[in-house]
Amino acid sequence: MSPDRSTDAPEPGSLGGPDDLDDETRTAVEAELRCLADDDFVVAERYTEWQVRGPTLEADIGIGNIAQDELGHARLWYDLLEDFGHDETDLVWEADPGDFRHATLVELPFETGDWADCVVRSYLYDHYEELRLEALRESSYPRIVDRVGKVLGEEPYHREHAENWLERLAEDAGGRRRLQEALDRLYPHALTLFEPTDQEDAIVALGIRREPLDVLREEWRAIVVPVLAGLGLEVPEGDDADLLPDARGRDGTHTDAWEPLFHEFTHTYHDLGREEAVSLMPDPDEADV
Amino acid sequence: MSDDRETVEAALEDDETALEDDETAQDEIEAADDEIESAQDEIESALEAVASEPSYCTYTEYREGIEVADLPATGADAEGVEAAVFEQLYGVEDPEMPISVVDLGLIYDVSVVDGHATVTMTLTYTGCPARDYLQEDVRLAAARAEGVDTAEVELVWSPEWSLEMVTEAGKADLREFGVSV
């Protein structure tokens, strides 16, 4: 057990349902969920750009599948935010771009034609994701516990996919050079995955997540740095404070890449004059039978 | 003669003692009756409190996951209206393969209370593009069952679905379709 782990925190699953939380707890739960949901949603938005541009047809299908999983996971986390009275319209389609709390890593555009960018990003992201989700397995918020196992079960092949491609690209000098460039560009943004929201202390104290983000960051570094070094890549060194980009994502600040992406995926919604997310099926509460 | 008299007096005393005993017993019975009455009052006021509470919310308490060993729910032991719901659910097929949602192992529980059916189900994976569609199909099927007025679907993700959840009949359907299981 990590010495940082809050031992006085409530027991796993003991917080009760969305209607049982006091305001302070609810705010903390929402902050954690918002990061999980937005990371998955935005990373999937970017992955889908590769769906018809991968180096092989199988790579197209692979990345398309991973994007589909991440969208599925985003939906699970947004569901839990909807328990608190939000809906898809205000969470996504009519949200302010500044409401999103994803890390800047997932919003960056890919360097044109650079599959290595997609591979390195996925590798850094999927290892982060595993650690954060593992720290939620014993969450004090039962609705998270109920679904995190399912999400974790769908993640291992994402990591295998990324590692498989990392090794393949690292086999020759040209591939290694492109991996290195991607790593130099993306690594500082990957650090924003571990940046805290203003609810970090409450999230840990209330046992919503069992490990603080700075502990997870060190665990992550201990996994990815040796692997990348083993492939002949140099991981940027220095204090995180110096490496981190100005925009941190988790505090609502984003890179210049975010607003164009946000407007791109909400364009059709506005173009069609929508005022709410359209459901293909009737709302269960409004159905006649 | 004096012996007889003493015997009579002793008998009279015994009677008196017996009478006193009777009275004590009666007091005890009355006290017990009072207790029963106040307990009945408590039950009644508790029942009134329950009836006046807001409508049932599925999220107010956390239930430990359903035991994997008991899954999936196939309706084998179901009776009455619940059996009728299962019969309808066997008619709902997965959108991709000719197998019912019951045989695919997606149904975890069916309960009907006062004409309201609740179907607890899962999906094979989180990214299922037919989530809304399947849930609605299941809800409508449950609502069609004789004795059901309204129906809802509760989607759960724990325990996680796996191939183990597919019934023997479901495996046969999948093999016939060309999927090896």
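Letters go in sequence order (proteins before strands), and every chain restarts at 1.
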Report task. Would you indicate whether A:Glu49, at its atom CD, is surrounded by more than 12 heavy atoms from other residues, nucleotides or ligands within a distance under 6.0 Å? Result -> yes
Query raised in the report: What do you reckon, is CG of A:Asp23 surrounded by more than 12 foreign heavy atoms closer than 6.0 Å?
Result: no
Requested in this report: Work out which heavy atom in B:Thr124 is nearest to a heavy atom in A:Lys150; give both atom names and the distance.
Outcome: O-NZ, 2.7 Å
**Report entry** More than 12 heavy atoms from other groups under 6.0 Å of CG on A:Asp22
**Finding:** yes
**Report entry** Inter-residue atom distance B:Glu160.CD - A:Arg147.CZ, 0.5 Å rounding
**Finding:** 12.5 Å
Query raised in the report: When you look at CD of B:Glu93, are more than 12 heavy atoms from neighbouring residues, nucleotides or ligands closer to it than 6.0 Å?
Result: yes
Query raised in the report: Are there residues of residues 51-77 of chain A that reach to under 4.5 Å of chain B by heavy atoms, and which ones?
Result: A:Gln68, A:Asp69, A:Gly72, A:His73, A:Arg75, A:Leu76
